[in-house]
Protein chains: 2
Amino acid sequence: MAKGSRYAEIANVLATEIADQSAGTQIASEHEIAARFGVSRAAARAAVQELEGRLLVRRVRGAGTFVNRRIDYVLSQRKAPSLHQTVREAGGEPRTVVRDVRRTALPADVAARLERPEGSEAHLLVRQSYIDGMLNGWAQEWIPSDLLPELDAAVHAVESLDSILRQVCRVDPVRAWCRVSYSLPGPEVAAGLETAHNRPVWLIESLSRDRETGTALMCSNTWSRPDCTRLIVELDGPWK
Amino acid sequence: MAKGSRYAEIANVLATEIADQSAGTQIASEHEIAARFGVSRAAARAAVQELEGRLLVRRVRGAGTFVNRRIDYVLSQRKAPSLHQTVREAGGEPRTVVRDVRRTALPADVAARLERPEGSEAHLLVRQSYIDGMLNGWAQEWIPSDLLPELDAAVHAVESLDSILRQVCRVDPVRAWCRVSYSLPGPEVAAGLETAHNRPVWLIESLSRDRETGTALMCSNTWSRPDCTRLIVELDGPWK
DNA sequence: GAGCATTTGTCCGTATGTATT
DNA sequence: CAATACATACGGACAAATGCT
């Protein structure tokens with residue numbers, strides 16, 4: 001495993017030590033690790049970088065390196081829990097901040113999913129989600145304007161657009177389609193996720209329809225950092 | 001984007017150049033990059049490592065750094081194409097090598113999925129899959145022995161256990177369940193995938209049943225390298 | 001707000017090891 | 001065997017962000 005590579009050896013030692021520590025705990029600095037194992041700072045640094053690659057730690061310049069824990073987020077058709085609920089059940093503290101609310105023309109792909117003409121008007125909600133104070137996700141949500149002419153400031157208080165749709169539009173939104181992929185974010189998304197390095201992130205695209213009429217109601221793109229959540233997707237048969 | 005960081009700047013330059021080159025092309029060595037941009041080899045190396053992190057290149061010690069391309073592998077309930085087919089459609093050359101065939105006792109989780117008693121006997125097939133000669137995946141497949149008493153050497157010739165089940169057992173296997181996750185492989189799997197660094201990989205767990213009777217027929221765990229395939233999972237409604 | 005120590009981020013130059021060709 | 005190329009390592013330096021005084 002760690003054949004001839006001192007830094008990998010050190011990384012393994014640190015990894016087992018980290019396993020017993022709780023999330024958020026600060027680990028030894030690179031200087032301390034270097035001194036402890038009798039190596040240069042470069043080697044110690046390589047070991048910590050290895051741990052970062054394994055998503056075991058999170059590094060903050062000027063502050064230190066901290067133990068990281070991911071929470072499992074299971075997407076399945078049998079149950080579609082909100083991320084808020086999942087985080088709370090895992091003992092974490094979820095928070096959502098609305099970054100922007102505006103009216104825009106629907107981009108082509110989103111318009112197609114919402115079965116609206118391309119360029120037709122919609123409300124766009126941009127939100128960031130946090131888990132235990134750490135940035136986790138960045139989401140865009142669209143609702144066609146013909147469904148909901150006005151979108152007041154109350155959106156800042158609600159957890160998702162779901163409640164707005166239920167209360168104001170009197171519809172019963174259910175998730176109708178969902179696509180999960182893992183790839184590099186564009187510049188805007190990378191900025192929203194504060195991923196300094198261009199690392200791959202999760203992308204969950206989803207569509208909600210009205211349970212009764214089948215009308216496409218809402219569409220969302222959610223990017224989330226893989227060092228925060230461990231995404232698991234379950235598919236049930238039968239296959240066609 | 002590349003503010004203050006020379007290596008990131010270099011990485012971006014190289015990334016755009018790479019975009020125009022075909023898969024497998026060898027890029028400049030670290031020495032050449034260092035000379036070209038007037039930086040030390042460490043900085044050049046950091047740039048190439050950045051590209052590796054973006055899955056844009058693949059590095060081989062002693063040989064060089066080569067342009068990498070991923071193929072999209074879409075998992076959905078509407079269509080469940082084999083990886084072989086997907087690769088060929090993308091213009092790649094798929095290959096599968098049987099690494100091991102043996103009888104074993106079913107592990108607890110697999111036994112539960114196959115609806116067999118824990119520890120009951122099964123055939124275990126271990127295979128590696130390649131795309132254009134590069135190692136892509138490592139798979140374990142189980143068939144309960146009560147379904148198929150004998151498993152002859154013919155398995156080396158077939159593409160999957162699917163054909164064996166159809167021809168020998170006279171059943172009609174359809175995928176009944178599937179779970180996709182992304183996490184660190186265990187030591188055995190890491191060795192099978194030749195992932196020197198402990199990097200996360202895809203894990204696809206799946207179960208096949210007989211179309212008619214619903215009997216659980218086959219169970220598989222497939223790990224695959226994220227630098228080879230870009231996995232996309234589609235979920236269709238309705239949600240419960 | 002200013003100053004300071006700590007910590008990670010980046011970079012230099014050099015050297016040696018190891019796998020491939 | 002030799003040349004090439006990546007892997008690891010050393011020690012030093014400065015920059016940038018953080019947290020505390």
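Values in this document were obtained by computation on a predicted structure and should not be read as measured data. Convention: sequence-line order gives letters A, B, ...; per-chain numbering from 1.
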Using heavy-atom distances to pick each residue's nearest nucleotide on DNA chain D, tell me which of B:Ala42 and B:Ser29 is more 5'.
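Comparing both residues, the 5'-ward one is B:Ser29.
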Would you mind reading off the distance between [X] atom [atom1] and [N] atom [atom2], rounded to a whole angstrom?
X       : N      : atom1 : atom2 : result
A:His31 : D:dA13 : NE2   : C1'   : 11 Å
B:Gln26 : C:dT21 : CD    : C1'   : 10 Å
B:Gln49 : D:dT8  : CD    : P     : 9 Å
A:Ile10 : D:dT8  : CD1   : P     : 12 Å
A:Arg58 : C:dT8  : CZ    : P     : 16 Å
B:Ile27 : D:dA5  : CD1   : P     : 12 Å
A:Tyr7  : C:dT18 : OH    : C1'   : 14 Å
B:Glu32 : D:dT4  : CD    : C1'   : 10 Å

Start at the 5' end of DNA chain C and walk down; is the nucleotide closest to B:Ala63 or to B:Ser40 reached first?
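Result of the comparison: B:Ser40.
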Going by modelled atom types, is there a donor-acceptor pair between the base of D:dA7 and the side chain of B:Arg41 at under 3.5 Å?
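It does, because a donor-acceptor pair links the side chain of B:Arg41 to the base of D:dA7 below 3.5 Å.
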Please identify which of these residues, A:Arg99, A:Arg127, A:Arg102, meets the salt bridge (Lys or Arg N to Asp or Glu O under 4.0 Å) condition with A:Glu141.
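Filter result, single survivor: A:Arg127.
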Among [options], the one nearest [X] by side-chain distance:
X       : options               : answer
B:Val39 : C:dG9, D:dC6, C:dC12  : C:dC12
B:Arg45 : C:dG9, D:dA7, C:dC12  : D:dA7
A:Val60 : D:dC6, D:dT18, C:dT8  : D:dT18
A:Ser5  : C:dC11, D:dT8, C:dT10 : D:dT8
B:Arg61 : C:dG9, C:dG13, C:dT18 : C:dT18

Which heavy atom in A:Arg103 sits nearest to a heavy atom in A:His123, and how many Å separate them?
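Taking A:Arg103 first and A:His123 second, the nearest heavy atoms are NH1-CE1, 3.5 Å.
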Using the ring centroid of each side chain, check whether A:Tyr73 and A:Trp202 are separated by less than 6.0 Å.
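No; A:Trp202 has its ring centre 6.0 Å or more from that of A:Tyr73.
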From B:Leu75 atom CG to B:Ile232 atom CD1, the distance as rounded to the nearest 0.5 Å
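It is 9.5 Å, given to the nearest 0.5 Å.
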Could you tell me the separation between the CZ atom of A:Arg95 and the CD1 atom of A:Ile131, rounded to the nearest 0.5 Å?
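Taking CZ in A:Arg95 and CD1 in A:Ile131, the distance rounds to 11.5 Å.
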Would you please confirm or rule out a distance under 4.0 Å between OP1 or OP2 of C:dT7 and any side-chain N or O of A:Arg59?
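No, A:Arg59 has no side-chain N/O under 4.0 Å of OP1/OP2 on C:dT7.
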Considering just the side-chain nitrogens and oxygens of A:Thr65, establish if one lies under 4.0 Å of OP1 or OP2 belonging to C:dT8.
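Yes, because at least one side-chain N or O of A:Thr65 sits under 4.0 Å from OP1 or OP2 of C:dT8.
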